Amino acid sequence: MPKRSQGAAPLSAYREPARTCLCFNLRKTARAVTQHYDEALRPAGLKTTQFSVLVATTMAGRTTMNRLAEALVMDRTTLTRNLRPLEQDGLIAIVPGRDRREREVTLTSRGQERLAKALPLWRRAQTQTVSRLGGARAERLLGDLAGAAVAMRAT
């Protein structure tokens, strides 16, 4: 058993956050779900995060990085880090916007092809996930997650 440093709280003090912390448990669940979708999307050469960015870019059309970051509830630095490999693979293009300070993101034809290849793989993973959770629970979960995102973004 690992040795605890002097002044460390007893292990029993950590049961509550491990059991009740919403962030801890959401992230743990997100990792499990992400692993499932990553495996499913592998034949398309995409990770779940990349698929999500490509879908959001498709839905937004040509959009600024700030708007895309907002749509994905992601800070701009993280978005830039996620866009870099997509741009290097020729799946998206990042071009100067109307204002010289703005950069706009758009899906390339190669990105559209990759996304089209990934869509049936995603559908299969989605069907499996809904089946494992049960349709009613999946619908409740989607509603709860949407509500939680809105609540947490409220100032």
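These figures come from a predicted structure and were not determined experimentally.
Closest heavy-atom contact between Leu79 and Ala69: CD2-N, 3.6 Å. Ala56 and Leu68 get closest at one heavy-atom pair: CB-CD1, 3.8 Å. Residues Arg19 and Asn25 come closest through the heavy atom pair O-ND2, 3.5 Å. Closest of all the heavy-atom pairs between Ala118 and Leu46 is CB-CD1, 3.8 Å. Leu54 and Leu86 make their closest contact through CD2-CD1, 4.2 Å (heavy atoms, listed as atom of the first residue, atom of the second, distance). Shortest non-hydrogen contact noted between Glu87 and Ile92 is N-CG1, 3.6 Å.
At least one donor-acceptor pair closer than 3.5 Å links the side chain of Asp38 to the backbone N or O of Thr48. Looking only at distances, no side-chain donor or acceptor of Thr57 sits under 3.5 Å from a matching main-chain atom of Leu107. A donor-acceptor distance shorter than 3.5 angstrom exists from the side chain of Lys117 to the backbone of Pro43, with no hydrogens or angles considered. Of the possible donor and acceptor atoms, one in the side chain of Asp75 sits under 3.5 Å from a partner among the backbone N and O of Thr77. No donor-acceptor pair closer than 3.5 Å links the side chain of Thr64 to the backbone N or O of Arg103.
Shown here is Glu70, whose CD atom has no more than 12 heavy atoms of other residues, nucleotides or ligands within 6.0 Å. Heavy-atom contacts from other residues, nucleotides or ligands closer than 6.0 Å to CZ of Arg76 number more than 12.
Rounding to the nearest 0.5 angstrom, the gap separating the CD atom in Gln50 from the CG atom in Leu91 is 8.0 Å. We find the CZ-CZ distance between Arg62 and Arg67 to be 11.5 Å, quoted to the nearest 0.5 Å. The NE2 atom of His36 lies 9.5 Å from the CG atom of Leu41; values are rounded to the nearest 0.5 Å. Atom NZ of residue Lys47 and atom CD of residue Gln35 lie 10.5 Å apart, to the nearest 0.5 angstrom.
Tracing side-chain contacts under 4.5 Å through hydrophobic residues (I, L, V, M, F, W, Y), one reaches Leu119 starting from Val33; they form part of the same cluster. Hydrophobic clustering, with ILVMFWY side chains joined whenever heavy atoms are under 4.5 angstrom apart, groups Met59 together with Ile94. No chain of hydrophobic side-chain contacts below 4.5 Å, direct or via other Ile, Leu, Val, Met, Phe, Trp or Tyr residues, connects Leu26 to Phe24. By the rule that hydrophobic residues join a cluster once side-chain heavy atoms approach within less than 4.5 Å of another member, Leu141 and Val130 end up as members of separate clusters.
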Run Val95 and Thr106 through side chain to side chain contact (heavy atoms under 4.5 Å, CB included) and show every step you take. CA-CA 8 Å; Val95 298; Thr106 187; 5.5 Å; no
Please lay out, stage by stage, how Phe51 and Tyr37 fare under the test side chain to side chain contact (heavy atoms under 4.5 Å, CB included). CA-CA 10 Å; Phe51 179 80; Tyr37 282 84; over 6 Å; no
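The side-chain heavy atoms of Arg31 and Thr34, taken from C-beta on, include no pair separated by under 4.5 Å.
Of the charged side-chain nitrogens involved, none lies within less than 4.0 Å of a carboxylate oxygen, so that Glu113 and Arg110 do not count as a salt-bridged pair.
Screening residues 130-144 for side-chain hydrogen bond (donor to acceptor under 3.5 Å, both in side chains), with sequence neighbours left out, gives no hits.
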